[in-house]
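Convention: sequence-line order gives letters A, B, ...; per-chain numbering from 1. Reckoned from all heavy atoms, side chains included, excluding hydrogens, waters and symmetry mates.
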Amino acid sequence: MARILVTSALPYANGPIHLGHLVEYIQTDIWVRFQKLHGRRCIYVCADDTHGTAIMIRARQEGVREEDLIARMQQAHLADFSGFQIAFDNYGSTHSAENRAFCEEIWQALRHDDLVSEKEVEQLYDSAAGTFLADRFVRGTCPKCKAPDQYGDSCDKCGAHYDATDLIDPKSKHSGATPEIRKAKHLFVGIERLHAFLDQWTTSGALQTEISNYLKGHFLHEPLRDWDVSRPAPYFGFEIPDSPGNYWYVWFDAPIGYIASTKQWCDRHNEQLGDWWRSDETEVHHFIGKDITYFHTLFWPAMLKTAGYNLPKKVHIHGFLTVNGQKMAKSKGTFIKAAAYLEQLDPAYLRYYYASKLGGNVEDLDLNLDEFLTKVNSDIVGKFVNLASRTANFVRKSGLAKVYPDDGGLFAAAAHDGAAIAEAYEACDFAKAMRLIMTAADRANKFIDENAPWNLRGPEQAARQLDVCTIGLNLFRQLAVYLAPVLPKMAQDIGEFMNGALTHWSQSQQPLVGTPVDKFQHLMQRVDQKKIDAMVAASAEPDPATAPAAPAPSAGNVPTDGDEALKAEPLTAECTVDDLAKIDLRVCRIIAAEEVAEAKKLLKLTISLGGDTRRTVFAGIKGCYDPAKLVGKLYICVANLAPRKMKFGLSEGMMLAAGGEGDVHLLIPDEGSKPGQRIH
RNA sequence: CGCGGGGUGGAGCAGCCCGGUAGCUCGCGAGGCUCAUAACCUCGAGGUCGCAGGUUCGAAUCCUGUCCCCGCCA
């Protein structure tokens, strides 16, 4: 194939990059680097996704122009990506002249094929904020099961799907106002006419089988519904030229951003866009998360087909990231932003860890922080880097041997593995590639152990020592080539250390001889548990996503809170100061915490009130807090509560906490307070 | 009977497509080495491969049934 064009999904310009996003960018970047390492013509394009109501509202809240907001966000995104060594060939924006031009062109093609129709749509309108409300910006009571505080499209509690206009007692998340129902004209693209094409394309090998099964079961088994692609003003986006007052829905112009970004690259490199998007000699590969499957596997191919662009050769779909087995949560410190990671840890760790877990399927990927530490340390530092670390010093003066010695077939074996490793990379089964590489590293370490170059002293053994170390370093370099897509920075350092840049996969097939070797310097520090802890601590936010669309501090906005909690648990009868004084609340420090195995909700806590005063408290917070993370921190307890015998032991107090039933939040005294201090 | 994914030694996984008495990493136990970032090497304990049937000379691998877990702003 003459050309390979690769994309990752466009990150939305409404928030920072976090470790979940990075699964995709790291996966894509590894794949692209692998292609380039083979000398293939491959470019990697991406862009910020900048349109939509959310951006508009946020800009208003911050009192800035949308253009300024998205420009700032793009800078932040680019900094995060470059920190993780994600090497885009072009990073654009959907709010670009190029993108507008391609939107218009594709729109014309849809019009030309008579796929566009108009319909009246009833939608909730927030007159206080002056905007129509997308489903996720309105909350109200489920019309089916009456659960309060549900989104506009479906109910968390009963799973019902409905229209936002059916919500009982709806409230806008923007202003808190009760929205009204307004009618507006929307434009629709009818893709049912492309049904047969989509049946064929979705089963053509472009998609993982679980994805094509899913599409068949959920969408393609019945007539495809028309796709609502316009939004009435006010909206931040591109106005539709032949429908003034209406704008393309953000999901219409977002994927077109792939083409627009390619165009920017072409203009810079004097290339023709047609060679990359209208050519049988080009493969287009999209990498996306499972949440945006249907935009990329139904609407997008339909648009491309209609407008005569290349169809994706493959849409690689990955799962979500969980951290320590659970959804990322700000309250647990597992909603980790890229920037927070980079403050503490080497991006290479995460690149390797993700690579070792990515098998090219749609399964969710778990970042287990304990495993992260042991895996990176033992694989990269203990096995791989160690090869150089234990041999380099012996060849500093001499450089590598002039002739590659007999190594019992080790180099040849690992060279032979190269085909299987490449195949695994190609198939996005990086986990398999890493396993193969580490097996080869094991063989190399064993060789060094058996040949003990440190015992080969004196002039009569110098030649043998040189040979052994030449072998060791060549096996190391060979693996460095294999790992280069995952660890590009380290590959570069290794190239410098061994005085020969690693630029092509074929370098794994030929040993290096006769060249000088620099003084060995540590290529990677071991992962430090303290750094991980610091990252988690810095990411923890006591207040989870209850606040609406994060108001800017500068604007001085106070978030509008709902009254669900108050309704659920009304205020109790008045009490006197004396009543209050009966309760002795104290600052305490948790000095031990463990789960009660037999209990569903209990943690056994040992708390200190200062000095030798200790208490054992059973708190119903299992599942809400990781015991290990509690230890050492200050909280507030009821210190004079009568002890109570429980099945599991004596509980001598109670921890103060808000919420309940799986959603418990311990109270934290402000900085400076000390164990034993009474709360007045 | 919604769809999909999964159940393999303490943890995380590979093997399953193309059946031949179970493998890797971490952890654990013992020993070795001392070149190396408490790294490396050897040996060991630990699994009737969710359960029950079936096919077969033989099944983790194929078939049937069943239980359990996870995801479905997929």
Side-chain angles (χ1 to χ4, degrees), chain A residues 134-137 150-156 159 161 164 202 207-221 251 288-298 315 317-322 324-327 346 352-353 356-359 361-396 424 429 431-457 465 468-469 472-473 476 520-528:
Chain A
D135 289 343
R136 63 199 184 89
F137 288 110
Q150 297 302 315
Y151 282 115
D153 52 349
S154 63
C155 174
D156 274 349
H161 289 261
T202 54
L207 303 175
Q208 291 123 303
T209 48
E210 59 259 55
I211 297 295
S212 44
N213 289 342
Y214 158 73
L215 292 172
K216 191 170 176 61
H218 283 75
F219 303 102
L220 293 168
H221 68 293
W251 263 110
I288 63 167
K290 64 184 181 182
D291 52 327
I292 55 176
T293 295
Y294 89 131
F295 294 109
H296 281 81
T297 56
L298 298 175
V315 182
I317 302 181
H318 61 81
F320 293 145
L321 180 73
T322 55
N324 291 337
Q326 296 187 304
K327 279 188 181 177
D346 186 336
Y352 178 74
Y353 183 79
S356 76
K357 305 274 277 189
L358 279 166
N361 51 35
V362 195
E363 275 175 58
D364 287 353
L365 185 158
D366 186 44
L367 167 57
N368 179 296
L369 291 170
D370 293 333
E371 187 196 16
F372 171 79
L373 179 137
T374 56
K375 184 154 211 140
V376 171
N377 284 348
S378 64
D379 285 3
I380 303 296
V381 181
K383 286 184 178 146
F384 171 60
V385 172
N386 193 223
L387 286 170
S389 182
R390 62 196 309 208
T391 51
N393 288 336
F394 298 113
V395 296
R396 270 236 290 152
D429 192 351
K432 184 173 189 179
M434 297 307 108
R435 278 198 303 276
L436 289 166
I437 292 168
M438 286 309 142
T439 304
D442 285 342
R443 294 196 301 260
N445 270 308
K446 188 174 174 183
F447 170 84
I448 291 170
D449 222 66
E450 287 167 349
N451 289 275
W454 51 93
N455 286 336
L456 301 169
R457 290 169 226 247
Q465 187 187 55
V468 170
C469 292
L473 282 169
F476 167 71
F520 179 77
Q521 294 175 333
H522 285 180
L523 291 161
M524 181 184 276
Q525 298 300 315
R526 300 172 66 75
V527 182
D528 183 350

What does [X] touch in the nucleic acid at a heavy-atom separation under 4.0 angstrom: a base, only the sugar-phosphate, or nothing?
X: A/Lys290; value: base
X: A/Lys432; value: nothing
X: A/Phe320; value: nothing
X: A/Leu523; value: base
X: A/Asn386; value: base
X: A/Met438; value: nothing

Of the nucleotides [options], which one has an atom closest to the side chain of [X]?
X: A/Trp454; options: B/rG5, B/rA39, B/rC35; answer: B/rC35
X: A/Ile448; options: B/rC35, B/rA36, B/rU25; answer: B/rC35
X: A/Val385; options: B/rG12, B/rA39, B/rU37; answer: B/rU37
X: A/Lys446; options: B/rC13, B/rC41, B/rC3; answer: B/rC41
X: A/Asp291; options: B/rC41, B/rA74, B/rG12; answer: B/rA74

Q | 4.5 Å side-chain heavy-atom contact, A/Ile437 and A/Phe384 | A |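 A/Ile437 vs A/Phe384: side chains apart.
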
Q. Does the side chain of A/Trp454 reach to within under 4.5 Å of the side chain of A/Arg390, using non-hydrogen atoms?
A.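 In short, these two side chains touch, coming nearer than 4.5 Å.
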
Do any side-chain atoms of residues 372-381 of chain A form donor-acceptor pairs under 3.5 angstrom with protein atoms, and if so which ones, sequence neighbours left out?
unit_1	atom_1	unit_2	atom_2	d
A/Thr374	OG1	A/Asp370	O	3.4
A/Thr374	OG1	A/Glu371	O	3.2
A/Asn377	OD1	A/Val527	N	2.7
A/Asn377	ND2	A/Leu373	O	3.4
A/Asn377	ND2	A/Val527	O	3.3
A/Ser378	OG	A/Thr374	O	2.8
A/Asp379	OD2	A/Tyr352	OH	2.6

Just N and O in the side chain of [X]: are any of them under 4.0 Å from OP1 or OP2 of [N]?
X: A/Lys383; N: B/rC40; result: no
X: A/His522; N: B/rU37; result: yes
X: A/Arg390; N: B/rA39; result: no

**Q.** Paired nucleotide for B/rA30 [Watson-Crick or G-U wobble; both distances under 3.5 Å]
**A.**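 Checking every strand shown, B/rA30 finds its partner in B/rU42, with both distances under 3.5 Å.
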
(Q) With the threshold set at under 4.0 Å for non-hydrogen atoms, list the residues of residues 372-382 of chain A touching RNA chain B in residue-number order. (A)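 Contacts with RNA chain B under 4.0 Å: A/Thr374, A/Ser378, A/Val381, A/Gly382.
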
Q | Residue whose closest nucleotide on RNA chain B lies nearer the 5' end, A/Glu210 versus A/Asp429 | A |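 Looking at the nearest nucleotide for each, A/Glu210 comes out on the 5' side.
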
Q: Map A/Arg443 and A/Ser389 onto RNA chain B by nearest heavy atom, then report which one ends up closer to the 5' terminus.
A: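 Checking each residue's closest nucleotide, the 5'-ward one belongs to A/Ser389.
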
Q.
Using the C1' atom as the point on both nucleotides, what is the distance between B/rA60 and B/rC43, in whole Å?
A.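 Those two atoms are separated by 27 Å.
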
Q: Rounded to whole angstrom, note down the C1' distance from B/rG10 over to B/rC73.
A: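 Going atom to atom, C1' in each nucleotide, I get 37 Å.
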
Q: Return the set of residues passing side chain to side chain contact (heavy atoms under 4.5 Å, CB included) with A/Arg443 (not counting sequence neighbours), or none when no residue passes.
A: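 Scan of A/Arg443 (side chain to side chain contact (heavy atoms under 4.5 Å, CB included), adjacent residues dropped) gives A/Leu410, A/Ala413, A/Ala414, A/Asp417, A/Thr439, A/Ala440.
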
